[in-house]
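Below, chain A is the first sequence line, B the second, and so on; all start at residue 1.
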2 protein chains.
Amino acid sequence: MSTTSTGSRGPYARSTERRRSIARAVLDTVLEEGHERVTTAGTARRAGTSEATALYHYPTKEHLLVAALELSDEETALRPFTSDPAMGLDDLRAFVDTTAERTHIMRLHTALLGRATSPDHPAQEFLSRHNREAVAHFARVVRHRQRAGTAHPGLDAVGVARQFLATWDGLQAQWLLDPSFDFGDHLVQAFRRLTGQNWMEGRAVLLDPSVGM
Amino acid sequence: MSTTSTGSRGPYARSTERRRSIARAVLDTVLEEGHERVTTAGTARRAGTSEATALYHYPTKEHLLVAALELSDEETALRPFTSDPAMGLDDLRAFVDTTAERTHIMRLHTALLGRATSPDHPAQEFLSRHNREAVAHFARVVRHRQRAGTAHPGLDAVGVARQFLATWDGLQAQWLLDPSFDFGDHLVQAFRRLTGQNWMEGRAVLLDPSVGM
DNA sequence: CTCAAAACTGAGTGAGGATGAGTTTTCGCA
DNA sequence: TGCGAAAACTCATCCTCACTCAGTTTTGAG
């Protein structure tokens with residue numbers, strides 16, 4: 001945190017650029033062939049450097065994969081999330097449909113989630129942060145809806161949000177394992193159930209198959 | 001399916017025994033040191049065979065891990081599940097607390113779930129079956145509760161069950177990533193919310209923090 | 001007893017992630 | 001503007017492991 005006492009000068013100018021091109025190379029391979037086909041050597045070749053350089057910037061293969069996921073998020077994912085608490089279920093639908101096309105990214109995410117449970121896995125920090133932010137966002141959404149009367153007022157927004165995201169991850173894994181159901185449907189459905197959207201609408205609506213099923 | 005036309009004689013007597021002792025060896029290593037420390041060589045040594053033999057019975061390291069998970073399930077997990085549709089939330093609690101002690105098994109499960117999304121991963125079949133059975137079980141539980149009046153009668157039991165299991169997997173992953181919340185609490189909570197347990201109890205109960213939080 | 005299939009083995013192979021000891025480049029500072 | 005220390009980069013090499021191959025031994029049905 002100081003510029004004086006440590007002899008550290010921090011990264012040079014071209015460093016960020018390099019890191020970016022390496023991350024790019026990984027992400028491209030992931031998108032084209034899936035994360036399991038990423039190799040350190042291949043990445044380096046694709047990025048136009050040596051393997052050792054890639055590993056200089058990202059000390060481990062897992063770091064490379066995390067970097068790819070981060071880059072992917074940065075480019076597409078977060079837009080509709082970070083901002084709008086007035087998000088409707090249509091927006092959620094739209095977003096899910098977007099990502100569902102990019103199966104390889106979903107697979108990478110799920111895979112990293114599976115590995116990050118090991119003690120000092122490089123994905124831990126990223127995934128925790130990612131989850132924290134998502135929880136915060138959806139908590140805001142829930143509160144917004146509580147005010148608007150489309151979510152049950154007695155719910156703990158954060159608790160519901162966390163649970164919703166857990167469901168998201170779980171459903172995603174199950175869908176990747178066996179895509180025999182509509183991911184978007186189930187997710188929107190999950191959101192409805194968790195927010196008790198129908199708390200005021202009475203039994204008739206709850207018996208409606210299009211909602212209750 | 002025939003004993004005549006194919007020249008196959010099927011496995012010999014000692015084969016099952018061998019397979020079992022190999023699976024045992026893997027499971028023990030998992031329990032003691034975690035799945036990431038399983039190696040084919042180490043497993044063979046522990047099981048008292050050669051590495052090549054282990055790989056004769058289980059063609060791949062991943063097969064070994066699946067075998068370990070299967071064995072673990074067989075020994076403990078399924079008991080309270082397969083049978084009792086009258087399962088109460090206490091039973092669920094108890095079961096979760098049991099498994100939570102065995103973090104390494106949870107980690108193996110989550111890790112395999114993460115990897116099984118690759119095309120022909122050996123864990124696919126096992127996990128699909130596992131999930132199918134669990135869904136069936138919890139669907140039964142939900143229906144039982146609907147009859148008993150402790151679950152909302154308008155719900156699609158199978159849909160709810162699937163969603164609950166997704167939540168389970170997701171929460172488990174999140175908890176392994178960062179065990180800063182009580183897994184059992186959240187899970188029981190999730191079950192309550194999903195089954196609309198309070199559908200008849202009115203708003204007062206829903207506002208109760210011990211339920212709604 | 002026979003013989004084919006199953007079970008087992010030892011010795012290897014190769015992919016691929018990492019490392020270490022250097023050389024070259026950058027850039028704050030005098 | 002050039003010095004020097006840190007950062008960036010490279011080459012060769014290492015090493016761990018999953019997996020394979022070319023056999024040998026064991027099993028058990030007929």
Side-chain angles (χ1 to χ4, degrees), chain A residues 2-23 25-26 29-30 33-68 111-112 115 118 120-123, chain B residues 2-23 25-26 29-30 33-68 111-112 115 118 120-123:
Chain A
S2 71
T3 2
T4 40
S5 57
T6 59
S8 169
R9 286 211 269 162
Y12 289 173
R14 292 188 56 200
S15 181
T16 32
E17 190 183 343
R18 253 286 129 79
R19 291 175 59 88
R20 227 189 156 65
S21 79
I22 293 169
V26 180
T29 322
V30 168
E33 317 180 49
H35 66 90
E36 45 273 296
R37 310 209 53 173
V38 171
T39 69
T40 51
T43 301
R45 209 178 315 121
R46 187 156 196 163
T49 1
S50 74
E51 195 177 357
T53 297
L55 288 165
Y56 170 76
H57 289 286
Y58 297 98
T60 257
K61 190 201 174 181
E62 297 295 278
H63 285 89
L64 286 173
L65 292 173
V66 175
L112 284 180
R115 296 190 212 157
S118 302
D120 298 294
H121 194 280
Chain B
S2 68
T3 1
T4 40
S5 57
T6 60
S8 168
R9 286 212 270 162
Y12 290 172
R14 292 189 57 198
S15 180
T16 32
E17 188 183 343
R18 254 284 130 81
R19 290 174 60 89
R20 227 190 155 64
S21 78
I22 293 169
V26 180
T29 319
V30 168
E33 318 180 50
H35 66 90
E36 44 273 296
R37 310 208 56 172
V38 170
T39 68
T40 50
T43 301
R45 209 177 314 120
R46 188 155 195 165
T49 1
S50 74
E51 194 178 357
T53 297
L55 287 164
Y56 171 76
H57 289 286
Y58 296 99
T60 258
K61 189 198 176 183
E62 296 294 279
H63 286 87
L64 286 173
L65 292 173
V66 174
L112 284 180
R115 296 190 211 156
S118 302
D120 297 294
H121 194 280

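Here the C1' atom of nucleotide D:dT16 and the CZ atom of B:R37 are 13 Å apart, to the nearest Å. Distance NZ (A:K61) to P (C:dG16): 8 Å, rounded to an integer number of Å. At whole-Å resolution of the value, NE2 in B:H121 and P in D:dA18 are 13 Å apart. Counting to the nearest Å, the C1' atom of D:dA7 and the OH atom of A:Y58 are 16 Å from each other. Taking atom OH on B:Y56 and atom P on D:dT26, their separation rounds to 15 Å, with Å as the unit. Following rounding to the nearest Å, B:R45 (CZ) and D:dC17 (P) show an atom-to-atom distance of 10 Å. Rounded to whole angstrom, the span from the CZ atom of B:R20 across to the P atom of C:dA7 amounts to 17 Å. Atom-to-atom, CD of A:E17 to C1' of C:dT26 comes out at 14 Å; the value is rounded to the nearest Å.
Proximity note for A:S8 (side chain, C-beta onward) versus C:dG20, C:dA6, D:dA7: the nearest is D:dA7. Set against C:dA7, C:dA5, C:dT19, the side chain of B:R9 has C:dA5 as its closest nucleotide. Closest to the B:T53 side chain, of the nucleotides D:dC11, C:dT9, C:dA6, is C:dT9. Taking every side-chain heavy atom of A:E51 into account, C:dA18 is the closest of D:dC11, D:dA18, C:dA18.
Both B:T49 and A:T39 sit near DNA chain C, but only B:T49 has its closest nucleotide nearer the 5' end. Each of B:T60 and A:R14 has a nearest nucleotide on DNA chain D; the 5'-most of these lies closest to A:R14. Looking at which nucleotide of DNA chain D each of A:G48 and B:V38 is closest to, the 5′-most match is held by A:G48.
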side-chain contact (heavy atoms from CB on, under 4.5 Å) between B:E62 and B:L112, intermediate numbers included: CA-CA 9 Å; B:E62 296 294 279; B:L112 284 180; 4.1 Å; yes
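Side-chain N/O atoms of B:T40 include none lying less than 4.0 angstrom from OP1 or OP2 on D:dC17. Distances shown here put every side-chain N or O of B:H57 at or beyond 4.0 Å from the OP1 or OP2 atom of C:dA6. Considering only side-chain N and O atoms, A:R18 lies under 4.0 angstrom from the phosphate OP1 or OP2 of D:dC9. Regarding contacts with the backbone of C:dA7, every side-chain N or O of B:Y12 stays at 4.0 angstrom or more from both OP1 and OP2. OP1 or OP2 of D:dT10 sits under 4.0 Å from a side-chain N or O of A:S50.
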So which protein nitrogen or oxygen atoms get under 3.5 Å of nucleotides 21-24 of chain C's nitrogens or oxygens?
none

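For the atom pair A:R46 CZ and A:T39 OG1, the distance stands at 11.0 Å (nearest 0.5 Å). With rounding to the nearest 0.5 Å, the separation of CD in A:E51 from OG1 in A:T40 is 3.5 Å. Once rounded to the nearest 0.5 Å, the distance linking OG1 of B:T29 with CG of B:L64 reads 10.0 Å. Between the OG1 atom in B:T43 and the CD1 atom in B:I22 there is a gap of 8.5 Å [rounded to 0.5 Å]. Atom CZ of residue A:R37 and atom OG of residue B:S118 lie 11.5 Å apart, to the nearest 0.5 angstrom. In this structure, the separation between OG1 on B:T49 and CZ on B:R18 is 4.5 Å, given to the nearest 0.5 Å.
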Hey, can you pull the donor-acceptor pairs under 3.5 Å for the side chains in residues 52-59 of chain A, sequence neighbours left out?
{"residue": "A:T53", "atom": "OG1", "partner": "A:S50", "partner atom": "OG", "Å": "3.0"}
{"residue": "A:Y58", "atom": "OH", "partner": "A:R19", "partner atom": "O", "Å": "3.2"}

